[in-house]
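Contents: one structure, followed by commentary.
Heads up: numbering here begins at 1 and tracks the sequence.
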Amino acid sequence: MKTAILGPAQRAEALARMAEQELDILVVGAGVVGAGTALDAATRGLSTGLVEARDWASGTSSRSSKLIHGGLRYLEMLDFALVREALKERGLLLERLAPHLVKPVPFLYPLQRKGWERWYAGSGVALYDAMSVSSGHGRGLPVHRHLSHKRALQVAPCLKKDALVGALQYYDAQMDDARYVTTMVRTAAAYGAQVANRARVVGFLREGERVVGVRVEDVEGGGDYEIRAQQIVNATGVWTDDTQALIGERGQFHVRASKGIHLVVPKDRIHSTSGLILRTEKSVLFVIPWGRHWIVGTTDTDWDLDKAHPAASSADIDYLLEHVNEVLATPLTRDDVEGVYAGLRPLLAGESDATSKLSREHTVAHPVPGLVVVAGGKYTTYRVMAKDAVDEAVHGLDQRVADCVTEDVPLVGAEGYRALWNARARIAARTGLHVARIEHLLNRYGSLTEELLELVVADPSLGEPLAHAEDYLRAEAVYACTHEGARHLDDVLTRRTRISIETFDRGTRSAREVAELIAPALGWDGDQIEKEIAHYQKRVEAERESQRQPDDLTADAARLGAPDIVPL
């Protein structure tokens with residue numbers, strides 16, 4: 001299979017091709033569900049288009065807890081079907097679909113009461129493991145184990161001695177959510193989908209009652225396109241209601257946004273060889289290993305302000321610090337926080353006032369002829385959501401369509417990954433890079449690492465790390481624009497890499513080096529380089545200011561002090 005390259009020329013060509021002839025299916029929204037839907041449709045042999053108003057995964061799908069998990073807490077809600085489905089998907093991703101991107105991660109659950117709590121929690125985790133194995137795709141993860149008080153403190157010396165009487169340790173999985181979506185978009189394109197980011201749907205085309213296409217604004221180059229398709233799939237997550245409003249349809253359900261924020265702290269601030277899962281009065285709190293960092297999250301609060309840039313307030317940050325510090329022997333302070341990010345969960349509105357009690361189930365509807373809507377769900381089950389959306393859309397196509405095959409379609413970079421991993425020492429010797437660097441690349445790009453290393457062969461200076469973000473090579477910034485569809489400095493620092501949350505300066509010290517590296521690939525002149533740097537710095541300052549505000553309203557106002565995109 002030929003690997004798709006998503007550079008500026010390919011984007012322009014994709015927009016032109018989508019406007020030339022009617023597609024079978026056009027997907028609106030390139031988060032994890034939209035990208036998954038495009039991949040599902042393309043691998044059934046359907047002519048497929050995918051348009052995204054901003055960048056791949058720029059909404060919810062780059063701001064999650066970075067977990068691929070069954071949802072242990074849903075067992076307590078007796079939602080066995082959701083957990084079973086998610087555990088099957090977790091196993092598929094680990095074993096077959098994306099072993100280069102999805103990795104096992106251990107979690108320690110501290111027990112605070114002797115006797116019944118160990119039995120109660122242990123029964124739940126045992127059921128979790130059993131459901132995983134019974135799915136047929138869960139044998140790759142270690143089973144849970146019971147730990148004594150002494151052994152738990154050996155695994156996690158960071159814990160207060162009186163914060164637990166023992167612990168359970170179990171396994172889930174994690175990934176870089178934005179990188180996962182970008183890889184899936186490239187996979188869809190490799191199977192023939194036409195994909196374009198920075199292409200905003202501004203209206204729908206109708207013939208009588210039927211929706212027959214969309215009007216798309218090219219946010220980058222200017223100009224409008226009419227793209228026609230037999231079926232449109234609205235996969236816009238928390239923007240579902242806004243998209244439906246463009247055709248005057250509220251839809252058959254309502255999507256409610258729940259804000260979750262996360263803190264990123266350096267690895268040395270929490271001494272543990274395992275992640276942590278802690279109970280709070282409202283939900284659960286995770287402390288998740290993340291390379292040379294920890295991710296601490298999350299909150300769960302209603303949000304009805306700006307959807308594009310949900311803001312973390314000072315109260316949100318205090319909430320997480322207060323709860324994690326209840327069990328840490330050495331408390332975290334504001335000074336320990338490297339990065340903060342906030343995302344919105346698209347929840348199906350129900351009878352409950354509390355967003356933490358709303359369903360993580362998904363729904364697919366066909367509100368008007370020619371338009372399918374998919375909403376709700378969770379990251380782990382995106383493939384099932386995509387299958388259901390395409391199954392629904394197929395009813396409106398005047399042709400016989402194959403069944404879903406994505407259960408057997410690995411993402412690009414998966415094929416050959418394990419062989420390259422076994423040969424990582426040899427690759428390091430051949431390239432002159434340290435073996436740890438090769439491991440880092442393989443776990444971000446899989447077998448596509450060879451493409452990136454070709455850039456280094458052509459220009460050895462790209463084999464050097466970025467001066468102020470040494471986890472990343474200079475080549476990775478260039479590759480983001482030449483192969484992965486990045487259009488702006490913000491795309492590279494925030495989503496193709498995670499420099500914006502993994503450095504105390506939030507990426508401002510890397511901004512100039514990265515902007516100058518990617519300028520040739522994107523055709524920028526000196527003025528545009530300066531605009532990109534200034535825009536990024538304003539964005540970071542607006543986020544910092546929002547995090548000093550006491551509540552959502554003032555935090556939102558502060559965050560909106562920075563413009564959204566940089567016009568070319």
Side-chain angles (χ1 to χ4, degrees), residues 54-66 175-182 197 260-267 288 290-298 306 308-312 316-317 334 336-344 440 444 465-474 476-481 484-518 529 531-548 555 558-566:
R54 296 188 294 155
D55 186 26
W56 322 130
S58 55
T60 304
S61 296
S62 61
R63 306 175 190 182
S64 74
S65 296
K66 324 283 187 240
M175 47 65 217
D176 181 329
D177 47 10
R179 173 144 301 284
Y180 192 94
V181 173
T182 296
N197 54 359
I261 84 144
H262 297 79
L263 311 179
V264 181
V265 300
K267 195 77 168 182
I288 306 163
W290 181 254
R292 296 200 294 166
H293 318 269
W294 296 97
I295 293 175
V296 181
T298 180
D306 179 66
H309 304 293
D316 291 327
I317 296 170
R334 288 288 186 111
D336 295 318
V337 177
E338 285 178 293
V340 181
Y341 65 94
L344 300 177
H440 161 90
R444 283 171 53 76
L466 292 168
H468 301 290
E470 294 185 353
D471 283 352
Y472 300 96
L473 293 181
R474 288 160 57 87
E476 294 183 74
V478 176
Y479 186 83
C481 300
E484 297 180 332
R487 298 287 302 167
H488 291 283
L489 179 60
D490 184 66
D491 299 342
V492 178
L493 294 177
T494 306
R495 284 173 291 279
R496 303 306 184 280
T497 70
R498 293 315 187 117
I499 295 170
S500 66
I501 59 171
E502 292 176 348
T503 57
F504 280 104
D505 62 89
R506 309 281 173 97
T508 54
R509 291 201 299 165
S510 299
R512 181 164 298 280
E513 181 182 9
V514 172
E516 291 176 350
L517 276 170
I518 65 180
I529 290 174
K531 283 182 183 178
E532 293 280 340
I533 295 168
H535 166 263
Y536 186 78
Q537 290 173 336
K538 287 177 183 175
R539 191 209 103 159
V540 170
E541 183 47 45
E543 286 186 346
R544 287 189 185 278
E545 183 61 28
S546 71
Q547 291 155 20
R548 290 189 280 263
R559 176 60 186 88
L560 292 178
D564 192 16
I565 62 167
V566 182

Exercise. Identify the two heavy atoms, one from Ala311 and one from Arg559, that lie closest to each other, and give their separation to 0.1 Å.
Key: CB-CB, 4.0 Å
Exercise. With the side chain counted from C-beta on, respond yes when Ile501 and Val340 share a heavy-atom pair under 4.5 Å apart, and no when they do not.
Key: no
Practice problem: Using a strict 4.0 Å threshold on nitrogen-to-oxygen distance, state whether Arg539 and Asp490 make a salt bridge. | Solution: yes
Practice problem: Consider only side-chain N and O atoms of Arg495 and Ser500, and report whether a donor and an acceptor are under 3.5 Å apart. | Solution: no
Quiz item: Do Tyr472 and Glu502 have a side chain donor and acceptor closer than 3.5 Å?
Solution: yes
Self-check item: Ser64 side-chain N/O to Ser61 backbone N/O, donor-acceptor pair under 3.5 Å
Solution: no
Quiz item: Does any N or O in the side chain of Asp505 come within less than 3.5 Å of the main-chain N or O of Arg509, such that one atom is a donor and the other an acceptor?
Solution: yes
Quiz item: Can you tell me if Asp176 uses its side chain to pair, donor with acceptor, with the backbone of Arg179 under 3.5 Å?
Solution: yes
Quiz item: NE2 of His535 to NZ of Lys531: how many Å apart, nearest 0.5 Å?
Solution: 12.0 Å
Practice problem: Using a cut-off of 6.0 Å, state whether more than 12 heavy atoms not belonging to Arg544 lie near its atom CZ. | Solution: yes
Quiz item: Heavy-atom distance under 4.5 Å between the side chains of Asp55 and Thr182, does that happen here?
Solution: no
Quiz item: Side-chain contact, heavy-atom cut-off 4.5 Å: Arg444 with Thr497?
Solution: yes
Quiz item: Just wondering, are more than 12 heavy atoms of other shown residues or ligands nearer than 6.0 Å to NZ in Lys538?
Solution: no
Self-check item: N/O donor-acceptor pair under 3.5 Å between Trp294 side chain and Lys267 backbone
Solution: yes
Quiz prompt | Separation of Glu338 CD from Arg498 CZ (nearest 0.5 Å) | solution = 14.0 Å
Quiz item: Would you find a donor on one side and an acceptor on the other, under 3.5 Å apart, between the side chain of Glu532 and the backbone of Leu489?
Solution: yes
Self-check item: From NE2 (His488) to OG1 (Thr494), nearest 0.5 Å
Solution: 12.0 Å
Quiz item: Do you know which two heavy atoms are closest between Ala515 and Ile529, and how far apart they sit?
Solution: CB-CG2, 4.0 Å
Exercise. Go through the steps to decide whether Ile295 and Ser65 satisfy the test side-chain contact (heavy atoms from CB on, under 4.5 Å), and finish with yes or no.
Key: CA-CA 8 Å; Ile295 293 175; Ser65 296; 5.9 Å; no
Exercise. Report yes or no: does Asp491 contribute a side-chain atom to a donor-acceptor pair with the main-chain N or O of Arg487 at less than 3.5 Å?
Key: yes
Quiz item: Got a salt bridge between Glu513 and Arg474, using NZ or NE/NH1/NH2 to carboxylate O under 4.0 Å?
Solution: yes
Practice problem: Output, in order, the C-alpha distance, side-chain angles, deciding distance and verdict of side-chain hydrogen bond (donor to acceptor under 3.5 Å, both in side chains) for Ser62 and Asp177. | Solution: CA-CA 5 Å; Ser62 61; Asp177 47 10; 5.7 Å; no
Quiz item: Side-chain donor-acceptor pair under 3.5 Å between His468 and Thr503, yes or no?
Solution: no
Quiz item: Does Thr298 use its side chain to pair, donor to acceptor, with the backbone of Ile261 at less than 3.5 Å?
Solution: yes
Quiz item: Between Arg496 and Ala178, is there a donor-acceptor pair closer than 3.5 Å when you use the side chain of the first and the backbone of the second?
Solution: no
Quiz prompt | Heavy-atom closest contact (Val265 atom, Val337 atom, distance) | solution = CG1-CA, 4.1 Å
Quiz item: Of the non-hydrogen atoms in Ala477 and Ile518, which two are nearest, and what is the gap between them?
Solution: O-CG2, 3.3 Å
